Amino acid sequence: MSTKLETKPKGSNGSASPLVTPGAIDLLSNEQLINTYKNCVAARLLDNKILVLLKQGKCFFHIGGSGHEVAQTATALAMKPGYDWAYPYYRDLAFSLQFGYTIEEIMLEALHRQGGPSSNGYAMPFHYGHKKQRIVAQSSPTGTQYLQAVGTAMGAVKDGKDEVVYVSSGEGATSEGEFHEAVNWAARGKFPVIFLIQNNKFAISVPVKDQLAGESVYGMTKGYEGLNRYRVDGCDFKEMYEVAADAVTKARRGDGPSVIEADTVRLLAHSSSDDQKKYRSEAELAEDRTKDPIPRFEQFLVEKKILNDSDFPKIKEEIQTRIDTAAEWAEAQRMPDVDELEKYVYSPRIVVPRAGFVESEHKGKNIVMVDAINHALAEELEYNPKMLIYGEDVAGNKGGVFTATKGLTAKFGENRVFNSPLAEASIVGTAFGLAVRGDYKPVVEIQFGDYIWPAFMQIRDEVTSLRFRSYNEWACPMVIRVAVGGYIHGGLYHSQSIDGFFTHIPGIQVVFPSNAADAKGLLKTACREENPVLFCEHKGLYRQGFASAPEPDSNYLIPFGLAKVKKPGDDVTVITWGMLVQRSLDAANKIQEKTGASVEVIDLRTLIPLDKETILNSVRKTGKVLIVHEDTLTSGFGGEIAAIIASEAFERLDAPVMRVAAKDTPVPYGPELENAMLPQEADVYRALEKLGSY
């Protein structure tokens, strides 16, 4: 297949200019070409060796790149390892080798041994990652990497650097919506991203005709203005390198992103768990073998009189010997230490420690919560010049639908406080790509908790697991601000409590302030944290008088995992957070006036990390516990707190642990229905009465 390029004038819709570096391959030395061939052979022989190890029971999974070697190696050859960035997909063995992986490192990962640069044995093999070479540790979900690459490229542009970011996948993953979100954002921003789509015609067993509305990804992406597009024979080294070099040149000089659709062949089954003979005929497999890129590369080298036919067996024998030696060496290395299992779920460094923190009286003017959040963001933008704020509607005079970011664009500029497309996965995915650069702190806004779910894959499978799965090599600290909660007549889609979902995810911190002073102190800490933080802002508290407070100064940072006793007491403990703190205080005061019972009310402030010490100390003192939260009763976070109390303070209980929570229904719109569904002060009062009867 010959290289296809659009020939419309540059800048027209879906345009791609002619090659700006024709003859790029002629600039490569014979030594470079020989080493490139060796890289392709090494990838092929590694595939074969690992399949043998799998049959021997020494490893448990394999996903190969046989048939893709030339497309990957040529693209990596056109880039600068250690300077440029890479988000390879699970079939990118040849790319990773060309970009700096050693054969020994591949073997360490295949055999899940200590020292593997991607994960130290914590993640599946063939999910490449190499900090030194700027290969960001990859995961299993298909398509999430596109947006991350765009975020990393965004950072390069903001820093004024000519770094190029590579991201790849098969053609099947382009069916994911995040591919189109990423192409749109990259083209809109003219970001230096190379999207290498390796089209082997099958997504596991699903053929390309069942994936695409058309015959190619090249055609499907025609409408993105500012996107360079290529379709090339990915089994032909000369064609592939010419296109890759051109795309990299365009990206590096600021001419925007490129989609390269490289037609390849899949010479192995999808993975070691697959049998492609179940869905592919022998004739079809034989046809693919005639397109094998390695014999074609050999023919090219012979025609160029760089190597002779007699040279290839010697090269393969030398590489096979090294692979066999590497396998024996890797097998002798240590397994991961099970005692370190929980070591890197979160950053080992506590940014704002509890030791020495003193709750203080604040001397600022009284301020409502939404303004406290605004001021915290302004102070942290001033403190950290690499902090960015973005999301839908956050820029300019609008400042978000609740005005939390109002005025920040005017003060700090559009480069630091800006609008995103209406695409929640894009917001979080690009924040991932910015954060892994190591200096940027993205603070992004999801407009309503009810609409965070398009970003859930990025949060759950990418952001929160990166540090763990890369054995602390990579991390993506960010703040995800999100408006949550009911009591505002918002109905099913503007009133949801989401904290219970996210407290179940290892790797993220969940913060939920109940008043303006705490909101400011906690948000400032979140902006300096080394972990991803979900910062829940209750919409009903934004302008409530009872949630207002004297404003803390710019040095006030509240440690995470430190609850606050809002009302001391001796007879009953109430554990709560968010909107229910004030309702619990009101109910506690009323029950104390009526019965004389002394009720202690604890505001957790952060759910993850959880202040178990304050909870258990109070429970052991009072012997009676009521947990109050806005989320539904079933699977709400209160159930976890109850389990902790039952496990660690059971002997000190004088009554069953009780809960007040929302009914197990969505939040309805009508005020009477909403009041019936959400917990009210009267519900807390009745529960305290019942506890008092024990």
Side-chain angles (χ1 to χ4, degrees), residues 3-28 71 74-81 83-87 95 99 134 145-169 174 179-197 216-232 234 238-262 414-415 418 421 426 430 433-434 437:
T3 304
K4 295 181 181 178
L5 284 171
E6 288 284 306
T7 56
K8 297 176 183 177
K10 188 176 177 182
S12 62
N13 190 37
S15 66
S17 58
L19 291 173
V20 296
T21 53
I25 197 166
D26 297 329
L27 302 177
L28 297 176
T75 308
L77 184 64
M79 298 177 67
K80 298 178 182 178
Y83 180 78
D84 293 333
W85 296 77
Y87 289 80
F95 175 90
F99 216 68
R134 287 189 163 179
Q145 69 270 30
Y146 305 126
L147 287 165
Q148 297 160 11
V150 172
T152 299
M154 185 195 312
V157 171
K158 287 183 177 295
D159 286 341
K161 297 180 178 179
D162 68 347
E163 300 163 353
V164 175
V165 184
Y166 165 94
V167 61
S168 69
S169 76
T174 65
F179 170 73
H180 298 275
E181 292 182 29
V183 170
N184 177 60
W185 198 323
R188 183 179 67 101
K190 296 189 71 175
F191 294 149
V193 184
I194 307 296
F195 297 87
L196 177 63
I197 309 304
S216 68
V217 177
Y218 171 82
M220 182 175 67
T221 54
K222 184 176 182 179
Y224 290 100
E225 186 170 348
L227 177 69
N228 303 299
R229 298 181 303 118
Y230 311 82
R231 190 175 186 187
V232 62
K238 180 180 183 299
E239 287 191 13
M240 189 67 224
Y241 182 74
E242 292 279 352
V243 163
D246 188 64
V248 169
T249 297
K250 287 188 172 80
R252 210 176 294 286
R253 74 181 189 183
D255 287 349
S258 294
V259 166
I260 303 172
E261 182 177 13
E414 293 181 354
N415 195 48
F418 53 91
S426 290
T430 55
L434 281 162
R437 294 183 64 88

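The residues of the chain are indexed from 1 along the displayed sequence. The shown structure was predicted, so the numbers you read here are calculated from the model rather than taken from an experiment.
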Tyr146: partners by ring-ring contact (aromatic ring centres under 6.0 Å, His included), with sequence neighbours left out | Phe179
For Ala74 and Ala244, work out which heavy atoms get closest and say how close.
-> O-CB, 4.0 Å
Say whether, by atom type as modelled, one donor and one acceptor occur between the side chain of Asp84 and the main chain of Ala76 under 3.5 angstrom.
-> no
Could you walk me through whether Leu77 and Leu28 pass the side-chain contact (heavy atoms from CB on, under 4.5 Å) check?
-> CA-CA 10 Å; Leu77 184 64; Leu28 297 176; 3.7 Å; yes
side-chain hydrogen bond (donor to acceptor under 3.5 Å, both in side chains) with Thr430: which residues, sequence neighbours excluded?
-> Tyr390
Under the ring-ring contact (aromatic ring centres under 6.0 Å, His included) rule, collect the residues that match up with Tyr83, sequence neighbours excluded.
-> none
Do Val164 and Ile194 pass the side-chain contact (heavy atoms from CB on, under 4.5 Å) test, and can you show the C-alpha distance, the side-chain angles, and the key distance before you say yes or no?
-> CA-CA 7 Å; Val164 175; Ile194 307 296; 3.6 Å; yes
Please name the pair of heavy atoms, one in Gln145 and one in Ser168, separated by the smallest distance, quoted to 0.1 Å.
-> NE2-O, 2.9 Å
Can you find a heavy atom in the side chain of Arg252 that is under 4.5 Å from one in the side chain of Thr249?
-> no
Can you sort out the partners of Asp159 under salt bridge (charged side-chain N to carboxylate O under 4.0 Å, His left out), two or more places apart, ordered by chain and number?
-> Lys386, Arg437
When rounded to the nearest 0.5 angstrom, what distance separates CE in Met154 from CZ in Phe418?
-> 5.0 Å
In short, Ile260 meets Ala247 closest at the heavy-atom pair CD1-CB, 3.9 Å
Pairs in or reaching into residues 181-195: which pass side-chain hydrogen bond (donor to acceptor under 3.5 Å, both in side chains), with residues at least two apart or in two chains?
-> Glu181-Ser426
For the pair Met240 and Thr75, evaluate side-chain contact (heavy atoms from CB on, under 4.5 Å) and give the outcome as yes or no after the intermediate values.
-> CA-CA 7 Å; Met240 189 67 224; Thr75 308; 3.5 Å; yes
Check: Ala187 main-chain N/O paired with Glu225 side-chain donor or acceptor under 3.5 Å | no
If you look at every heavy atom in Gly433 and Thr152, which pair is closest and at what distance?
-> O-OG1, 2.7 Å
Rounding to 0.5 Å, atoms CG (Asn228) and CG (Asp246) come to a distance of 7.5 Å
Residues, nucleotides or ligands: over 12 heavy atoms within 6.0 Å of Lys238 NZ | no
Should Ser258 and Arg229 count as side-chain neighbours, where that means a heavy-atom distance under 4.5 Å?
-> no
Are any non-hydrogen side-chain atoms of Val157 and Pro192 less than 4.5 angstrom apart?
-> yes
Looking at Phe195 versus Tyr166, is the centre-to-centre ring distance below 6.0 Å?
-> no
Of all heavy-atom pairs between Ala262 and Gly234, which one has the smallest distance, and what is that distance?
-> CB-CA, 4.0 Å
Only counting residues at least two apart or in another chain, list the ones meeting salt bridge (charged side-chain N to carboxylate O under 4.0 Å, His left out) with Glu261.
-> Arg231
Between the CZ atom in Arg134 and the CD atom in Glu163, the distance rounded to the nearest 0.5 Å is 4.5 Å
Any side-chain heavy-atom pair from Tyr230 and Val259 closer than 4.5 angstrom?
-> no
For residues Val150 and Ala182, report the shortest heavy-atom separation together with the two atoms involved.
-> CG2-O, 3.5 Å
Side-chain (Glu242) to main-chain (Gly23) donor-acceptor, under 3.5 angstrom | yes
Hey, mind stepping through Thr174 and Ile197 against side-chain contact (heavy atoms from CB on, under 4.5 Å) and telling me if it holds?
-> CA-CA 8 Å; Thr174 65; Ile197 309 304; 3.8 Å; yes
